[in-house]
Amino acid sequence: APHVVAHLAAHAVRERGPGDWTFRFDRGVLSLGGDGAGDLRARFPAVRCPTFVGAGAGSWVMPVAELAQLRAAIAGAETAVFPGAHHFLLRCPERLGPALRAFLDGTRKTR
C-alpha cells in the first residue's frame, strides 16, 4: 500500500551524504555470523514447533533451493514461494496474508 511504502521510505533509510543513501539497520546482520549465531542449519532438525517460511522467487536471502533444504530439514515445515525477491511481503501482501492465515489456522488443529 502507498502509505506503507511512504513509511518505509521515511524511516528505513538515511542519507549519509548528498545522493548517498543506506538502509537504517545494523549491516552486520547481513553476514552469516553477523549476529553471533553462526550457521544454524545443523539445528533445523531439532525444531518441533509449527514452522512457516516464505521466500521471494528471486530472493538472494532465501533462494528457492535453500528453501527446499529447509523444508526437508524441519519436520512438517510449510514453505511458500511468492513473486518478487526478498521483499515479497511488501510486493504481494494479498497472497502472503491468506497463506499465513491458512498456516496459522492449521496450527490450531494440531494443538
Side-chain angles (χ1 to χ4, degrees):
H3 72 280
V4 174
V5 173
H7 179 81
L8 286 172
H11 299 286
V13 295
R14 69 179 176 86
E15 189 173 20
R16 295 188 292 196
D20 183 14
W21 294 85
T22 187
F23 291 106
R24 192 178 279 184
F25 63 88
D26 181 357
R27 302 206 52 87
V29 301
L30 293 178
S31 67
L32 188 57
D35 61 1
D39 187 350
L40 299 175
R41 288 177 281 198
R43 297 181 180 262
F44 288 171
V47 174
R48 299 284 181 250
C49 62
T51 305
F52 176 91
V53 180
S59 176
W60 59 270
V61 175
M62 176 60 71
V64 175
E66 285 187 32
L67 186 65
Q69 293 171 359
L70 185 146
R71 182 177 51 245
I74 299 176
E78 292 186 31
T79 59
V81 178
F82 299 93
H86 179 58
H87 293 99
F88 64 90
L89 61 156
L90 296 173
R91 182 164 189 229
C92 56
E94 72 286 348
R95 289 190 55 196
L96 176 62
L100 283 173
R101 172 56 35 208
F103 169 75
L104 293 171
D105 287 347
T107 64
R108 292 181 188 165
K109 297 172 188 162
T110 60
R111 285 189 194 174

Heavy-atom closest pair (Leu67 atom, Ala55 atom, distance to 0.1 Å) is CD2-CB, 3.9 Å

By the salt bridge (charged side-chain N to carboxylate O under 4.0 Å, His left out) test, which pairs, at least two apart or in different chains, include something from residues 65-74? none

Can you check whether His11's main-chain N or O pairs, donor with acceptor, with Arg14's side chain at less than 3.5 Å? no

Pairs touching residues 76-101 that satisfy salt bridge (charged side-chain N to carboxylate O under 4.0 Å, His left out), sequence neighbours left out: Arg101-Asp105

What are the two closest non-hydrogen atoms of Arg41 and Pro45, and how far apart are they? O-CD, 3.9 Å

What is the minimum heavy-atom distance between Cys92 and Pro83, and which atoms define it? SG-CD, 3.7 Å

Common cluster, Leu89/Leu100, ILVMFWY with side-chain heavy-atom separation under 4.5 Å: yes

Applying side-chain contact (heavy atoms from CB on, under 4.5 Å), can you list everything that pairs with Thr51, at least two apart in sequence or on another chain? Val47, Cys49, Val53, Ile74, Ala77

Under 4.5 Å between side-chain heavy atoms, counting indirect links through other Ile/Leu/Val/Met/Phe/Trp/Tyr residues: same cluster for Val13 and Leu8 or not? no

For the CZ atom of Phe52 and the OG1 atom of Thr107, what is their distance to the nearest 0.5 Å? 12.0 Å

Kindly assign one of parallel, tilted or perpendicular to the pair Phe88 and Phe82, based on the angle between their ring planes and the thresholds 30° and 60°. parallel

